[in-house]
Number of protein chains: 2
Amino acid sequence: MSLRYAILASLGNRAQTGYEIARAFDRGVGYFWQASHQQIYRELGRLAEDGAVEFETIDQAGKPARKVYGLTARGRDALRAWMTTPAAPPVVKDELLVRLYAGTHAGPGDLRAEVERHQAACVQRQAEYEAIEARYFDDADKLAPELRLMHLTLRKGLLTNAAALAWFEEALALLGELDG
Amino acid sequence: MSLRYAILASLGNRAQTGYEIARAFDRGVGYFWQASHQQIYRELGRLAEDGAVEFETIDQAGKPARKVYGLTARGRDALRAWMTTPAAPPVVKDELLVRLYAGTHAGPGDLRAEVERHQAACVQRQAEYEAIEARYFDDADKLAPELRLMHLTLRKGLLTNAAALAWFEEALALLGELDG
DNA sequence: GGGTTCATGTAATCGGTTACATGATTCG
DNA sequence: CGAATCATGTAACCGATTACATGAACCC
């Protein structure tokens, strides 16, 4: 049920097209909630049916018309009501750890290469997060409250990634040792 | 598709009933892959149909018969083949961060209480992980390779949780400031 | 007496993924 | 010349959640 509210939250900041929301799920929001464009378009349709969002159609030459969605009063109320309900604990699904857990069924070399691949991706993601922090949240304490809260979600990404990087070191040390 | 392999990985260590696998998903495996008992029973049924697992039925008085599942040669092969396929990046779904992202739609006091609740849960989980580490992985470098890899997955839990705890401090500091 | 543990499952529904479809513009 | 970006969606399928069902044993 939370995709619904993640979309409403994103629209709470500013009106957006489905495409833009999907992009936000690739970048900022995506750190803590993932969704594909198909899911987003479907959910936007339902939200419009329920009167939680409304859209303005803007024709374009050669492209499908932009549908710029915004919150209605009803949508804002629904979001506010949801905000005070208890949040479920975070859900993690990590295929790499499943593989390590079953590690003895593969050669350690295979695991090692895969761990290094994920490490590289993590290093890159961390660099992106750091760039965003430097660019938009440098003088953080002077920003508006909503921006400071967004910064806080980015901080979670940064801290979690840093922990992941430390873990990759441990993982590669162990795999190196087991590989001999 | 990975639930299938998470189950096979768990059975790779020792034969288990569906109930025991479900409990393992609440504790150890559950840090990196979550599944309900309904999902597990269904998947075990499919795995048995496909000949990847087999089970022995042990009648019990007053309880449903235990079905102790174990890997077949075919299941072991399927697991080994999967091990060398690339792992998808980890997926995170964190409702609390969705709420913070949309923070200005609630009173800061509401958010604060919720953050504190999650912090308390995190402190407790960390204590559990530490207890498991002290109990089973104390003299880690002397253990068998498969146990050392399990320890590695626990390490990821410990490091990620520690990062979460640091983040909770930042979060409460900010919410306190915004609340005034 | 009431809650937790053990132990199995079914059925309905909802959420998420994969595959398909279209087509102009911009960048390397 | 090909890939990425912008911009919309549909359809089929698979994965996950919620609700329901049963019942004994054990602990507080």
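All values derive from a computational prediction rather than experimental measurement. Proteins get letters first, then strands, A, B, ... in listed order; numbering begins at 1 in each.
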Below 4.0 Å: OP1/OP2 of [N] and any side-chain N or O of [X]:
X	N	result
B:Y19	C:dC6	yes
A:Q38	C:dT18	no
A:R23	D:dC6	yes
B:K93	C:dG16	yes
B:Q60	C:dA7	yes
A:Q39	C:dG16	yes

Aromatic ring pairing B:Y31/B:Y129, orientation class (parallel under 30°, perpendicular over 60°, tilted between): perpendicular

Whether A:F32 and B:Y101 hold their rings parallel, tilted or perpendicular, with breakpoints at 30° and 60°: tilted

Stacked cation flag A:R155 on B:W167, 6.0 angstrom / 45 deg: no

Touch class at under 4.0 angstrom, heavy-atom based, for A:A65 against every strand present: sugar-phosphate

Sugar-phosphate only, base, or nothing, as touched by B:G18 at under 4.0 Å among non-hydrogen atoms: sugar-phosphate

Ionic contact status for A:R23 with A:D26, cut-off 4.0 Å: no

Proximity to the side chain of A:Y41 - top-ranked nucleotide from C:dG9, D:dA7, C:dA7: D:dA7

Polar side-chain contact B:R4-D:dG15 base: donor and acceptor under 3.5 Å: no

